[in-house]
Amino acid sequence: MPELPKAYDASLVEDKIYAEWEASGVFNPDQLPERNQKWTPYCIMMPPPNVTGVLHLGHALENAMMDTMARFQRMRGKKVLLLPGTDHAAIATQAKVEKTLIESGMKHPREELGREKLIEEIRRFAEESKTTILSQIKKMGTSCDWDRLAYTFDEARSKAVNELFVRMYGDGLIYRGYRVVNWSVKGQSTASDDEIEHVERPAKLYTFKYAKDFPITIATTRPETKLGDTAVAVHPKDKRYKKLIGQTFTVDVGAAKPLEIKIIADEGVDPEFGTGALGVTPAHSAVDFAMYEKQKAKGDPIDIIAVIGPDGRMTEEAGELYAGQTVEEAREKFVARLREQGLLEGEEEIMQNVGTSDRYGDVIEAIPMTQWWLDMNKEIPGRKKSLRDLMREAVTSGLDGKKEKKVTITPERFTKLYLDRVENLRDWCLSRQLWWGHRIPVWYRGDETHVGIEAPEGDGWEQDTDTLDTWFSSGSWCFSTLGWPDETADLKTFHPTSWMTMGYEILYLWLMRMVLMSAYALDDIPFKDAYIHGILRDEHGKKFSKSAGNGIDPIEVIEQYGCDALRISLLIGISPGNDSRYYTEKIESGRNFTNKLWNISRFILTVIASEAKQSPSHESEIAASSATPRNDTGTLADRWILSRLSEVVASVTKKLETYQFSAAGEELRDFTWNDLADWYLEIAKVEKGKSEILNTVLQTVLKLWHPFMPFVTEYVWGLAGFTAKGGSASGGEGKLIVAEWPDPVGARHAVPLPDAVAFGSLRTLVVDMRRLRAEQGVEAAKKVEFVIVEAHDHAPVPVEENAEWMSRLVNGSIAVVDAIPEGWVVASSGTVTVGLNLAGAVDLEKEKAKLEKELDQLKKYVVSTEGKLTNQEFTTKAPAQVIHDMKAKLEEAKTKIETLEKRLLT
RNA sequence: GGACACUUAGCUCAGUUGGUUAGAGCAUCUCGUUUACACCGAGAGGGUCGUAGGUUCGAAUCCUACAGUGUCCACCA
């Protein structure tokens, strides 16, 4: 074996290892070894990152979780598909490119470039981002199938999107309608309700009357929209206004025509708020528009007047005083006019939530327009259910009440949020006036309309110029990636997918839509388990963002500390649904652990190699051995480490199965660092002939760590010449990535409890002896003399057989005696007492004070425990095990008291 | 206005159906270059689990109220 460097240098191995994995074909499920082909498929669709730039640490966290899961399941023998992709992110990408163009001097990119050229500009940017993103995903060690790489805007995905639209239209779920939309003036496009961010800011609330003789005073923060008012709504039971309901008043507020204001009744109006009357502007408020539709349905219609246009300026309808002005200008003028005419009754500063575009940042205007909508309430032909029903069912009873068609959300509380949202969903506005996106598959010629993937026969057909909301394509991600609408083998094998992870910020935007799309298109759920993770924040708890200037490039972190270090530091310390923080100390400790594992491996391999030299015939045997040594032979330490290993295998397996990444990682780290490195390997320096066990332990530990830290483990595995059982020439060829996961069932049966207890006692003894040395300030180099006294009424502790290694660990001689000589200092665990010979050099007063303090604590404990044990209520109601353990502990404490008191007297 | 989460050691966080004297990492203090590792080893100190009630033999854990922090949602004009 070549000389291995003391410190592990990730930068020297990661790219090489990744290339080897890629070349071996194991990322592609079809090329996995035999045993994986036979078992259950396991599929994770990677949430496609937006092609708006580069990946951040949040992506690294998400990738680490998914890849850990994929590797774990692959090693367990499942046919694993981890499918990578990117999202064209229509509005986000176009907004970003337009912003860049404007920053570089262009005034109106759309006008100056035209549709074709601007799209080309965006396409180029998107391709560049894509290249960067894909290389970043590789750097993160992601074991995804590059052969199945997908893009929401590629041909196959576009086909799926069009097909979906056409089918939904055919089912009457998609319709074209004139309704109030969320309009971004800056983006010159609609936005869905989910793309609006509410921002709190100060506003003025004006109270006024339309005219001197108008009977009701109303209030508003948007006076300029009042030019389009057509009604005043009051609560039907409001005594003040009841008699006015149904009457119409004509008022002149300066609009193009005098306004006909009808007094209408609406339950939604709060009589307590303000004047208890609401000026209704159907064209510029979603709520008011709903009243407009209600009135229409009632056969008592009111008018709708649009006074703000798509350009954000007042329309002709607003009257010549206002037409062409911005809303701010019009507002000022309108208020000034009210003041002049003595109609303004009050002005008040209030805080108000306004909706802004999450991409363009401007205030969203409500404007009535003809757009394409997806109906949430209409019954789907032949299904007797609406899309809303499907979305509800999928997370409650399961689709059609079938358990296997139920999406489980972790943590559970998000299920409730999801359901609340489902109940309040409005029809989804699908069409966007953006250019970067899937063109709506609808053609027009004169009055004719054709909905279909291809333009119809004949000349003169023009395709709708609008594009689809970007979430329409990402909603179909779980099956468009598998070849739908074709009935592919992949679709049959991998859908519904097994697991999906995402941040809670896109729960509504994405998760719901995936459920909707899969339920509609395939009558199935998109995934069985959804895991909602929190946001990664900086050390101060702030969100990472470019504007805050606290962004961290994951690739730089990887270059400095290694991918494994990054992954483990991101995964340890997280819990589902909760935000976590990233800071330097964390990544350093990840790096340190990687190095620790490296050195553990280095040591074990050295020991195996040197022992093999003494009996060369065994060398190849040992390296190739993957048989588990029996744990009823060997020394106590051997049996102990093997049983601990078994426990850890079982526990880590269970934790990974239930997505407890942090708990699994912590347990594994504690075992590796404490049990293995600090104890067993130290013992192995004394007790020889452990090649076989060390070999097993190392192999198992590497396997367990592989999902978390794929690079260092694969690297060591290769150096050691370990071969993966189950690997084959077709995939992996003995690589750790396809090695068989340690068997947790077999492991669970192999824990010899008495050995674990006995070893625990010895461990406590060693710690006691070390503490005595440290407390007494004995130089580390000085060899000392210990004696051990065992209590009579306890199972004997096997000190003598283990004295050799214990002796080395405490740097002193150890003898078992009947009584501790006078003048020695002691420490007691209850069952065993340790004495250290200080040859008279001991501060008796100090020692006495220490003993007294310890006794004091013990006595308090004994009193409270005895109190519990004599309490009838407790002894009759508490489980037997709890009582038993408590009694044992009490006895121990009593013995300890006895020992210490005796000591105090001498 | 509604909902949800969080509040545990100096810091960041675990704590899975309520059950020994509440844990980890980092930081702190003391000691240490015994040939795997100073990206290390040994030892130590440090918490009345936000506050107040309640349920229970038993509460960090369940319930109620309150306070602070954060997030999401919402048509109070």
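For clarity, every value in this text was computed on a predicted model and none was experimentally measured. Computed over heavy atoms, backbone and side chain alike; hydrogens, waters and symmetry mates excluded.
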The residue, A:Tyr508 or A:Asn871, whose nearest nucleotide of RNA chain B is more 5′ is A:Asn871

Ignoring hydrogens and angles, answer whether the base of B:C4 and the side-chain atoms of A:Arg413 contain a donor-acceptor pair closer than 3.5 Å. no

Here the distance between atom P of B:C73 and atom CD of A:Glu195, to the nearest Å, is 13 Å

Is there a donor-acceptor contact under 3.5 Å linking the side chains of A:Thr281 and A:Asp229? yes

Taking OP1 and OP2 of B:U34, is either one under 4.0 Å from a side-chain nitrogen or oxygen of A:Arg808? no

Give A:Ala233 one of three labels, base, sugar-phosphate or nothing, depending on what nucleic acid heavy atoms sit under 4.0 Å from its own. nothing

Pairing check on B:C29: which nucleotide meets the Watson-Crick or G-U wobble criteria with it, both distances under 3.5 Å? B:G43

Checking N1-N3 plus N6-O4 or O6-N4 for Watson-Crick, or N1-O2 and O6-N3 for wobble, each under 3.5 Å, the partner of B:C75 is none

Integer-rounded Å distance: B:G70 P and A:Tyr504 OH: 13 Å

How is A:Tyr8 classified with respect to the nucleic acid when contacts are heavy atoms under 4.0 Å: base, sugar-phosphate, or nothing? nothing

Between CD of A:Glu293 and C1' of B:C75 the distance, given in whole Å, is 15 Å

In whole Å, what separates the P atom of B:A52 from that of B:G41? 41 Å

Of the candidate nucleotides B:A14, B:C40, B:C57, which contains the atom at the shortest distance from the side chain of A:Glu666? B:A14

Minimum-distance nucleotide to A:Leu278 side chain [options: B:A77, B:C73, B:U20]: B:A77

Under 4.0 Å between a side-chain nitrogen and a carboxylate oxygen: does that hold for A:Asp579 and A:Lys543? no

For B:A60, give the paired nucleotide (Watson-Crick: N1-N3 plus N6-O4 or O6-N4; G-U: N1-O2 and O6-N3; both under 3.5 Å), or none. none

So, taking the atom named CD in A:Glu348 and the one named OG1 in A:Thr221, what distance separates them when rounded to the nearest 0.5 Å? 11.5 Å

Between P of B:G41 and CZ of A:Arg773, the distance in whole Å: 19 Å

Can you figure out which of B:U21, B:C37, B:G25 approaches the side chain of A:Arg602 most closely? B:C37

Given that A:Ser601 and A:Ser580 both sit by RNA chain B, which one's nearest nucleotide is further toward the 5' end? A:Ser580

Tell me what A:Ala286 touches on the nucleic acid: a base, only sugar-phosphate, or nothing, going by heavy atoms under 4.0 Å. nothing

May I ask you to say what A:Asp579 touches in the nucleic acid, namely base, sugar-phosphate or nothing, with a heavy-atom cut-off under 4.0 Å? nothing

By the 4.0 Å heavy-atom rule, please label A:Arg222 as base, sugar-phosphate, or nothing. nothing

Here's one to test your reading of the geometry: is the NZ or CZ of A:Lys294 within 45 degrees of the ring axis of A:Phe289 and under 6.0 Å from its centre? no

Answer with base, sugar-phosphate or nothing: what part of the nucleic acid does A:Val767 contact at a heavy-atom distance below 4.0 Å? sugar-phosphate

Go through B:C39, B:U71, B:A77 for me and flag the one nearest to the A:Thr221 side chain. B:A77

Work out how far the P atom of B:A24 is from that of B:C66, and round it to whole angstrom. 37 Å

Determine the minimum heavy-atom distance between A:Leu61 and A:His533, stating which atoms define it. CD2-ND1, 4.4 Å

Base-pairing mate for B:A38 - Watson-Crick or G-U, with both contacts under 3.5 Å: none

Check the distance between B:C13's C1' and A:Arg669's CZ and give it to me in whole angstrom. 11 Å

For B:U21 versus B:C40, give the span between their P atoms, rounded off to a whole number of Å. 35 Å

Phosphate OP1/OP2 of B:G41: any A:Trp673 side-chain N/O under 4.0 Å: yes

Euclidean distance, atom CD1 of residue A:Ile600 to atom C1' of B:G41 [Å, nearest integer]: 13 Å

Between B:U16 (C1') and A:Leu656 (CG): distance, integer Å: 15 Å

If you check every side-chain atom of A:Lys685, which of B:C37, B:A36, B:C75 has the closest atom? B:A36

Which base, if any, makes a Watson-Crick or G-U wobble pair with B:A67, both distances under 3.5 Å? B:U7

What is the pairing partner of B:G18, taking Watson-Crick or G-U wobble pairs with both distances under 3.5 Å in any strand? none

If I compare all heavy atoms of A:Val180 with all of A:Ala366, which pair ends up nearest, and what's the gap? CG1-CB, 3.6 Å

Any A:Lys868 side-chain N or O less than 4.0 Å from OP1/OP2 of B:U21: yes

Which part of the nucleic acid, if any, lies within reach of A:Gln660 when heavy atoms closer than 4.0 Å are counted: base, sugar-phosphate only, or nothing? base

A:Lys586 NZ to B:A14 C1', in whole Å, measures 11 Å

Looking only at the side chains, is there a donor atom on one of A:Ser192 and A:Glu195 sitting less than 3.5 Å from an acceptor on the other? yes

Strictly by Watson-Crick or wobble contacts shorter than 3.5 Å, is anything paired with B:G23, and which nucleotide is it? B:C13

Could you check whether A:Asn578 gets within reach of a base, just the sugar-phosphate, or nothing at all, counting any heavy atom under 4.0 Å? sugar-phosphate

If you check the A:Tyr583 side chain, which of B:U12, B:U16, B:G19 turns out closest? B:U12

Can you identify which nucleotide, out of B:U21, B:C73, B:A14, has its nearest atom closest to the A:Leu858 side chain? B:U21

Are a donor atom and an acceptor atom from the side chains of A:Glu588 and A:Asn592 found within less than 3.5 Å of each other? no

Could you please name the option among B:A36, B:C26, B:U12 that lies closest to any side-chain atom of A:Glu682? B:A36

Residue A:Arg771, side-chain heavy atoms: nucleotide from B:G25, B:G43, B:A3 that is nearest: B:G43

Base, sugar-phosphate or nothing for A:Gly573? Non-hydrogen atoms, less than 4.0 Å. sugar-phosphate

Aromatic A:Trp510 / basic A:Arg421 pairing, under 6.0 angstrom, 45° off normal: no

Spell out yes or no: do the side chain of A:Lys596 and the base of B:C37 have one donor N/O and one acceptor N/O closer than 3.5 Å? yes

Where the side chain of A:Ser575 is concerned, which of B:A77, B:G19, B:A14 is the nearest nucleotide? B:A14

Pairwise C1' distance for B:A5 and B:G47, with rounding to whole Å: 23 Å

